Engineer: 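I'd like to ask you about the structure that follows.
A quick note: this is a predicted structure, and the numbers were derived from the prediction, not measured. Throughout, residue positions are numbered sequentially from 1 according to the sequence presented. Just so it is clear, the values below take in all heavy atoms, side chains as well, and ignore hydrogens, waters and symmetry mates.
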Amino acid sequence: MRWRVPGKSRGRTRGVLAVIGGLMVASALVRLGAGTAEALEEMAPGTETTTAASSQMVGDCVNDEGLTPVLEALQTREDRLAQREADLRTRLQALSVAETEIDRKMAALQTAEERLRATLTMAQTAADDDVAQLTQVYAAMKPKQAAALFEEMDPDFAAGFLGRMRPDAASAILAGLTPQKAYTISVILAGRNADAPRE
């Protein structure tokens with residue numbers, strides 16, 4: 001039988017205590033058997049063979065050879081439990097490492113998302129600034145020159161600029177466009193907020 005170092009685990013301590021308890025019970029049975037044999041001899045002195053047989057039977061039940069399979073079975077069970085405990089410890093460590101890694105990656109992802117949001121905001125602001133500046137350039141041009149440029153633009157693109165201009169500058173450019181182009185841009189400007197909620 002292998003002895004374990006005390007304090008390693010509660011399960012191992014119980015196993016050792018069970019083995020010690022089993023040995024104490026076996027010792028008591030041996031003493032009881034010896035006492036029974038002596039009592040039988042005193043009661044019936046002429047029956048030595050019966051007493052010897054009884055003593056032999058009790059001794060066979062509690063001798064080392066009878067306890068060996070029980071002790072081996074207990075040791076095997078204790079080893080199996082110790083292995084399961086070690087496996088569980090290993091799994092818990094792996095889960096802890098995985099959880100730490102997931103937390104690290106989530107933090108990195110959140111940081112990257114914040115940087116991307118800041119970059120997109122900066123890009124949107126720069127684009128809005130560029131469009132605003134270009135709108136001022138078109139508004140400052142002579143209406144006839146601006147109308148010639150707007151005539152070549154895609155109607156949606158032209159409507160975007162005209163929608164940002166002061167009404168007097170936009171109307172002067174629209175007046176210089178061909179009727180078909182002016183009508184198309186006007187429809188786009190009028191329908192731009194058609195889907196917006198009224199209240």
Engineer: Output all residues satisfying salt bridge (charged side-chain N to carboxylate O under 4.0 Å, His left out) with Glu113, sequence neighbours left out; order by chain, then residue number.
Structural biologist: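 Glu113 satisfies salt bridge (charged side-chain N to carboxylate O under 4.0 Å, His left out) with Arg117 once adjacent residues are dropped.
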Engineer: If hydrophobic clusters are built from ILVMFWY residues whose side chains come within less than 4.5 Å, do Ile185 and Val187 share one?
Structural biologist: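 Ile185 does not cluster with Val187.
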Engineer: Counting heavy atoms not belonging to Glu101, are there more than 12 under 6.0 Å from its CD?
Structural biologist: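 Yes, CD of Glu101 has more than 12 neighbouring heavy atoms, counting only those of other groups under 6.0 Å.
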Engineer: Using side chain to side chain contact (heavy atoms under 4.5 Å, CB included), reason through Leu174 and Lys181 one step at a time and then give a plain yes or no.
Structural biologist: CA-CA 9 Å; Leu174 274 174; Lys181 189 76 164 190; over 6 Å; no
Engineer: Just by distance, no angles: are the side chains of Gln83 and Asp79 close enough, under 3.5 Å, to form a donor-acceptor pair?
Structural biologist: no
Engineer: Using atom types as modelled and distance alone, determine if a side-chain donor or acceptor of Thr90 lies under 3.5 Å from a backbone N or O of Ala86.
Structural biologist: yes
Engineer: Test of understanding: with salt bridge (charged side-chain N to carboxylate O under 4.0 Å, His left out), list the residues that count as partners of Asp168, not counting sequence neighbours.
Structural biologist: Arg166
Engineer: About how many Å separate CZ of Arg84 and CZ of Arg91, when rounded to the nearest 0.5 Å?
Structural biologist: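 Going from CZ on Arg91 over to CZ on Arg84, the span is 10.5 Å.
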Engineer: With clusters defined by side-chain heavy atoms of hydrophobic residues (ILVMFWY) lying less than 4.5 Å apart, directly or transitively, does Leu162 cluster with Tyr183?
Structural biologist: no
Engineer: Is there a side-chain contact between Val131 and Leu134 (heavy atoms, below 4.5 Å)?
Structural biologist: no
Engineer: With side chain to side chain contact (heavy atoms under 4.5 Å, CB included) as the criterion, how do Arg164 and Asp128 come out once you've worked through the C-alpha distance, each side chain's angles and the decisive distance to 0.1 Å?
Structural biologist: CA-CA 11 Å; Arg164 289 172 168 254; Asp128 288 345; 4.1 Å; yes
Engineer: Nearest 0.5 angstrom please: Thr184 OG1 to Leu189 CG, how far?
Structural biologist: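 The CG atom of Leu189 is 11.0 Å from OG1 of Thr184, to the nearest 0.5 Å.
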Engineer: When Ile, Leu, Val, Met, Phe, Trp and Tyr are grouped by side-chain heavy atoms lying under 4.5 Å apart, directly or through other members, which residues fall in the same group as Met106?
Structural biologist: Ile102
Engineer: Is it the case that over 12 heavy atoms from other parts of the model lie below 6.0 angstrom from the CD atom of Glu114?
Structural biologist: yes
Engineer: Quick check: do Leu109 and Lys105 have side-chain heavy atoms less than 4.5 Å from each other?
Structural biologist: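 Not touching, per the 4.5 Å side-chain cut-off.
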Engineer: Is any side-chain heavy atom of Leu149 closer than 4.5 Å to a side-chain heavy atom of Met141?
Structural biologist: yes
Engineer: For Arg115, what residues pass the salt bridge (charged side-chain N to carboxylate O under 4.0 Å, His left out) criterion, not counting sequence neighbours?
Structural biologist: none
Engineer: OG1 of Thr111 to CG of Leu116: how many Å apart, nearest 0.5 Å?
Structural biologist: 12.5 Å
Engineer: Would you check if Glu85 and Leu81 make a side-chain contact, meaning some heavy-atom pair closer than 4.5 Å?
Structural biologist: no
Engineer: Once salt bridge (Lys or Arg N to Asp or Glu O under 4.0 Å) is applied, what residue pairs with a partner in residues 138-161 remain, sequence neighbours excluded?
Structural biologist: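 The answer is none; no pair qualifies.
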Engineer: Could you note down all residue pairs passing ring-ring contact (aromatic ring centres under 6.0 Å, His included) where residues 95-152 supplies at least one of them, sequence neighbours left out?
Structural biologist: Tyr138-Phe150, Tyr138-Phe161
